[in-house]
Every structure is written in C-alpha cells, then in structure tokens.
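Along the sequence shown, the residues carry numbers beginning at 1.
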Amino acid sequence: MGMGRGAGPKALGFFKILAVFLCTFQTVSSSCRILKCNSEFWSATSNNQHQNRPEDPVEFCTALRTYAHCTRRTARTCRGDLAYHSAVHGIDDLMSQHNCSKDGPTSQPRLRTPPPWDSQERSDSPELCHYEKNFHRHAAPPNYTHCGLFGDPHLRTFTDTFQTCKIQGAWPIVDNNYLNVQVTNTPVHPGSSATATTKLTIIFKNFQECVDQKVYQAEMDELPAAFIDGSRNGGDKSGANSLKIIEKVAGQHIEIQAKYIGTTIVVRQVGRYLTFAVRMPEEVVNAVDDKDNQGLYLCLHGCPQNQQIDFRTFHSQTPETGLRKHGAGSNAPSFTPKMAGAKCKEKLPVEDLYFKSCVFDLLTTGDVNFTLAAYYAFEDVKLLHSNKDKIHLFERTTDLGPGNTASQQDMVFTKILVVLMCLVQCSAVLL
C-alpha cells in the first residue's frame with residue numbers, strides 16, 4: 001500500500017479531462033481554490049508525461065495525496081463547483097487504480113521544469129510571432145495605447161478617459177480577436193458600496209503558428225507565475241516563446257509579454273486586491289469583428305454611465321470629520337479629507353487624478369493599501385504609456401459611449417438647434 005503501479009493510459013486520460021475543466025468551467029466563488037490545486041498537480045506530474053516515460057509510483061501517489069489534501073482545504077468554499085467535484089472523483093479513481101494509500105507523505109507544489117524540447121528554451125520565433133519585427137509591412141510604426149484598472153475601482157481607458165466606477169461582479173475589460181480579460185469586483189466590506197478587484201482571468205486565443213490558447217487566472221491572495229496548465233509560455237508551437245510570464249516579485253507582481261501582438265500586461269496584488277495594466281497597439285485594440293456588440297469592452301468604451309461615480313462631487317460633500325465606513329465588522333480607520341490628502345501625498349506628490357483617486361479610496365474604504373494601489377498604477381503608466389506628456393491626468397473625463405443617454409453629436413446638434421431658434425425669433429421681430 002502506498003507505492004502504486006505508476007501512471008498509465010487512464011491517468012493520462014484524466015489529465016486531458018482535467019485540462020478541459022480548467023479551460024471550461026468558472027469557479028462558483030472567488031474563494032474556491034480548485035484551479036490552484038489543479039495547476040499544482042499538473043505541474044508536479046507533467047514532466048514525465050511529456051517525456052513519455054512512466055511516472056514513478058512513489059512520486060505519483062505523493063502527488064495524488066497532495067492534490068487530495070489541497071481539495072480538502074478548499075472544500076467549504078467550492079460547494080456546487082463542477083470542476084471541484086470532478087477533480088475529487090478523479091482523485092479517488094486514480095488512488096484506487098494505482099493502489100495509493102490515502103495515508104502517507106505529501107509534497108510541496110512545484111512549477112514544472114521545461115523539458116529539452118519545450119519551446120520556452122528556444123531563442124528565436126518566426127518573424128510572424130514578433131509584432132514589431134513584422135511591422136515593416138506598414139507605412140508607419142505602431143501606435144501604442146494604455147489601459148489600467150486599480151483601486152475602488154478606477155479605470156483609465158485606451159483613449160485616456162479616466163473614470164471611477166461601481167462595476168460590482170464580473171466585467172469584460174478587454175475583448176478583441178486576440179485576447180479576453182475579465183475582472184470580478186466584490187465589496188470591500190459586507191454591505192459596502194465600495195468594490196475592488198478580487199479575480200482576474202486572461203484568455204490568450206490560439207494564434208497561427210505562434211501560440212496555443214492559454215488561460216491565466218489570478219485571485220485574491222493568489223497571484224501565480226504560470227498559466228492554469230502550469231506552463232509559463234505559449235505552448236508547443238514554433239513561436240511559443242512569443243508569449244511568456246515573468247515573475248517580478250513572488251506573489252505580488254507578474255508581467256505577461258505577448259510579443260506576437262505587441263502587448264505587455266502587468267498584474268499586481270496590492271494588499272488584498274488586484275490591479276491591472278496593459279500596453280497594446282491600436283491595431284490590436286480595435287481588432288473586433290462585431291463592433292456593435294462590444295459595448296462592455298471597458299478599456300475601449302469606458303464604464304456605462306449608470307456605473308460611473310463623479311468623485312469631485314463626492315469630495316465636495318465629504319464632511320471634514322470623515323466618513324463612517326459602511327458594513328458591519330469593518331475595522332478600517334476613518335480618514336478625514338485632510339488626513340487622506342496628507343497620506344496620499346507621501347506617494348503621489350502631484351495632485352493629479354491618481355492622487356485624487358487615492359484620497360477617494362481612503363475616504364470610502366479606510367484601507368491604506370489603496371494608497372499603494374494608486375501609486376503602483378501610476379508607476380505602470382510611466383512604464384507602459386507611449387506618450388510621456390499624458391502620464392498625468394488632471395481632469396476627470398466622461399466617455400459617453402454606446403448605451404449611454406447622450407453623445408457628443410447630440411450636444412452639438414442641440415447647440416445648433418438653439419442658434420437656429422434664436423435666428424428665427426430675431427427674424428420675426430424684425431419683420
């Protein structure tokens with residue numbers, strides 16, 4: 001008992017089924033950690049699969065016990081999650097098939113070491129898989145744009161529109177022909193209207209000979225340095241190293257480089273919450289098949305008007321004694337506007353919209369980590385924005401995009417109509 005017989009074809013079949021569940025099913029709760037368990041098990045066992053040699057029986061049983069232990073730790077928060085229940089049944093079947101004891105040693109999870117054939121080891125990719133090298137076909141160099149989401153939450157769109165939004169729940173912030181990015185925002189405290197990002201999912205779509213489809217997922221208190229299949233690059237294609245994950249600070253800061261589409265993504269965990277920033281060519285930003293149905297592409301169109309908050313009005317209505325925090329059980333300190341301004345000034349000396357966002361977040365949440373969220377969001381702008389003259393923004397802008405109640409054209413038309421009415425009245429008087 002405990003030794004096992006090694007992983008055979010049935011185990012390999014389970015790996016394929018597991019991969020389908022990883023890419024297909026969303027977790028019911030942002031607290032469910034089944035994707036983390038799946039990724040760690042895959043990482044611990046994938047080397048031998050790729051090298052087509054039997055798994056060491058002792059190692060395989062140890063990996064299964066570690067997998068089972070991980071699922072037990074997250075059982076309470078994964079009730080009703082299809083991927084979770086499928087994993088639990090799969091573990092039981094494999095334990096029985098390979099004569100593994102449920103009692104025995106477990107191991108620490110590890111990221112897989114790329115085998116010699118892995119494309120992550122290659123130094124070159126086809127020119128097709130390097131956006132900038134491939135751009136000689138165009139008349140002008142690419143124009144890069146930036147989008148960022150941070151704090152309670154604040155959105156800077158690809159057009160440098162700056163908004164503060166409610167957007168509780170799941171929202172798509174990037175949705176084009178090459179990748180999808182979705183964020184999930186939850187209340188900072190129970191019953192609070194203040195929200196922040198607790199989950200981020202990025203899907204890189206299959207692209208020619210460059211990359212396979214890859215899914216990256218980060219959650220509150222879990223910022224992995226690998227895709228959900230345990231890999232760090234774009235798969236098995238010849239250009240796979242044109243997509244890779246780089247861990248800058250363990251558990252706090254990762255960067256995803258997608259050179260085949262000229263895109264860089266930065267994801268951070270600051271305090272308990274996530275921030276997102278991206279640098280992307282305009283050509284990629286606007287690569288959308290059905291533009292009429294892209295109204296919730298937040299990085300392009302901004303938040304719907306009914307989800308926007310004007311924090312200038314909020315500041316003017318905030319009492320000098322500060323706000324009472326919403327939600328039972330909140331132990332966050334209360335900041336006055338003066339105290340919040342002084343705290344934010346420590347990291348953000350220029351009173352631009354990042355400074356004002358910091359003050360807003362301290363007043364609404366009392367969480368000093370939001371100061372760092374605004375600071376790092378600004379640092380990412382300095383790194384990713386192509387126009388250094390637009391790093392600072394001083395006026396909150398409202399993007400009246402699709403689905404809103406007014407448009408710039410409507411306003412111009414109204415002004416013209418008023419002028420025409422005045423002319424008609426003046427003519428009547430003269431006659």
Is the backbone N or O of [Y] less than 3.5 Å from a side-chain atom of [X], with the two atoms forming a donor-acceptor pair by type?
X: Glu209; Y: Lys237; result: no
X: Asp352; Y: Phe355; result: yes
X: Gln269; Y: Gly271; result: yes
X: Asn369; Y: Arg272; result: no

Side chains of [X] and [Y] in contact at under 4.5 Å (non-hydrogen atoms):
X: Tyr260; Y: Leu128; result: no
X: Glu351; Y: Lys345; result: yes
X: Leu300; Y: Asn286; result: yes
X: Thr364; Y: Val188; result: no
X: Phe276; Y: Val266; result: no
X: Thr145; Y: Val278; result: no
X: Phe335; Y: Val359; result: no
X: Val211; Y: Tyr178; result: no

Tell me, yes or no, whether the heavy-atom count around Lys205 atom NZ, taken from other residues, nucleotides or ligands under 6.0 Å, exceeds 12.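 Yes, enclosed.
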Pick from Thr197, Asp152, Thr195: which one makes a side-chain hydrogen bond (donor to acceptor under 3.5 Å, both in side chains) with Asn185?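 Only match with Asn185 under side-chain hydrogen bond (donor to acceptor under 3.5 Å, both in side chains): Thr197.
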Under the 6.0 Å and 45° cation-pi test, does Lys259 pair with Tyr131?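 No, Lys259 does not sit over the ring of Tyr131.
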Heavy atoms only: give me the nearest [X]-[Y] pair and the separation to one decimal.
X: Thr71; Y: Tyr84; value: O-CE1, 3.5 Å
X: Leu223; Y: Gln252; value: CD2-C, 3.3 Å
X: Ser242; Y: Cys210; value: OG-CB, 4.1 Å
X: Leu348; Y: Ala374; value: CD1-CB, 3.8 Å
X: Ile265; Y: Val267; value: CG2-CG2, 4.0 Å
X: Lys356; Y: Phe394; value: NZ-O, 4.4 Å

Verify whether one side chain among Asp160 and His385 offers a donor that lies under 3.5 Å from an acceptor in the other.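 Yes - a donor-acceptor pair under 3.5 Å links their side chains.
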Measure the acute angle between the ring planes of His154 and Phe360, then classify it against the limits of 30° and 60° as parallel, tilted or perpendicular.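 Answer is perpendicular, since the angle exceeds 60°.
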May I ask you to decide if the ring planes of Tyr354 and Phe150 are parallel, tilted or perpendicular, using 30° and 60° as cut-offs?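 Because their plane-to-plane angle is under 30°, the rings of Tyr354 and Phe150 count as parallel.
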Between the side chains of Lys214 and Asp229, is the shortest nitrogen-to-carboxylate-oxygen separation below 4.0 Å, so that they form an ion pair?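 Salt bridge between Asp229 and Lys214, a charged N being under 4.0 Å from a carboxylate O: yes.
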Pair Arg268 + Asp380: basic N to acidic O under 4.0 Å: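 Salt bridge present between Arg268 and Asp380.
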Are Cys303 and Leu155 close enough, and set up right, to give a side chain to side chain contact (heavy atoms under 4.5 Å, CB included), and what steps lead you there? CA-CA 8 Å; Cys303 299; Leu155 173 70; 3.8 Å; yes
